[in-house]
Amino acid sequence: NQNFYGFINKFRVEKAKKLLSDRELDKYSIIGIAYESGFNSKTSFNTTFKKITGQTPSEFKKNSSVL
């Protein structure tokens with residue numbers, strides 16, 4: 001029960017999560033990962049990421065590096 005954009009954004013966030021967790025891509029900025037995942041702005045990326053995961057991209061990257 002979600003619209004088309006919600007469906008697409010879920011896939012974009014999943015891609016971003018993989019990129020944020022990849023140690024070899026630590027040189028990429030958060031905005032670089034946002035663009036690579038298909039988002040056009042940092043604001044929409046941060047808002048959508050937090051809505052879906054419950055944490056910001058920076059928090060997710062920090063927590064995934066601890067694992």
Give a yes-or-no answer on whether the side chains of Ser44 and Thr47 include a donor-acceptor pair shorter than 3.5 Å. no

When rounded to the nearest 0.5 Å, the distance separating OG1 of Thr48 from CZ of Arg12 is 8.5 Å

Ser37 side chain vs Phe39 backbone, donor-acceptor pair below 3.5 Å: no

May I ask you to test the Asn46-Thr56 pair for a side-chain heavy-atom distance under 4.5 Å? no

Could you list all the salt bridge (Lys or Arg N to Asp or Glu O under 4.0 Å) pairs where at least one residue sits in residues 35-52, not counting sequence neighbours? none

To the nearest 0.5 angstrom, please state how far the CD1 atom of Ile52 sits from the CZ atom of Phe60. 12.0 Å

Within 6.0 angstrom of Asn40 CG, more than 12 heavy atoms from elsewhere: no

Check: residues 15-26 side-chain donor-acceptor pairs under 3.5 Å, at least two apart:
from: Lys17; atom 1: NZ; to: Glu14; atom 2: OE2; distance (Å): 3.4
from: Ser21; atom 1: OG; to: Lys17; atom 2: O; distance (Å): 2.9
from: Asp22; atom 1: OD1; to: Glu24; atom 2: N; distance (Å): 2.9
from: Arg23; atom 1: NH1; to: Asp26; atom 2: OD2; distance (Å): 2.9
from: Asp26; atom 1: OD1; to: Lys61; atom 2: NZ; distance (Å): 3.4

So which of Phe11, Phe4, Tyr5 actually passes ring pair (Phe, Tyr, Trp, His ring centres under 6.0 Å) with Phe7? Phe11

I want to check something: taking the side chain as every heavy atom from C-beta on, are Phe45 and Ile31 in contact at a cut-off of under 4.5 Å? no

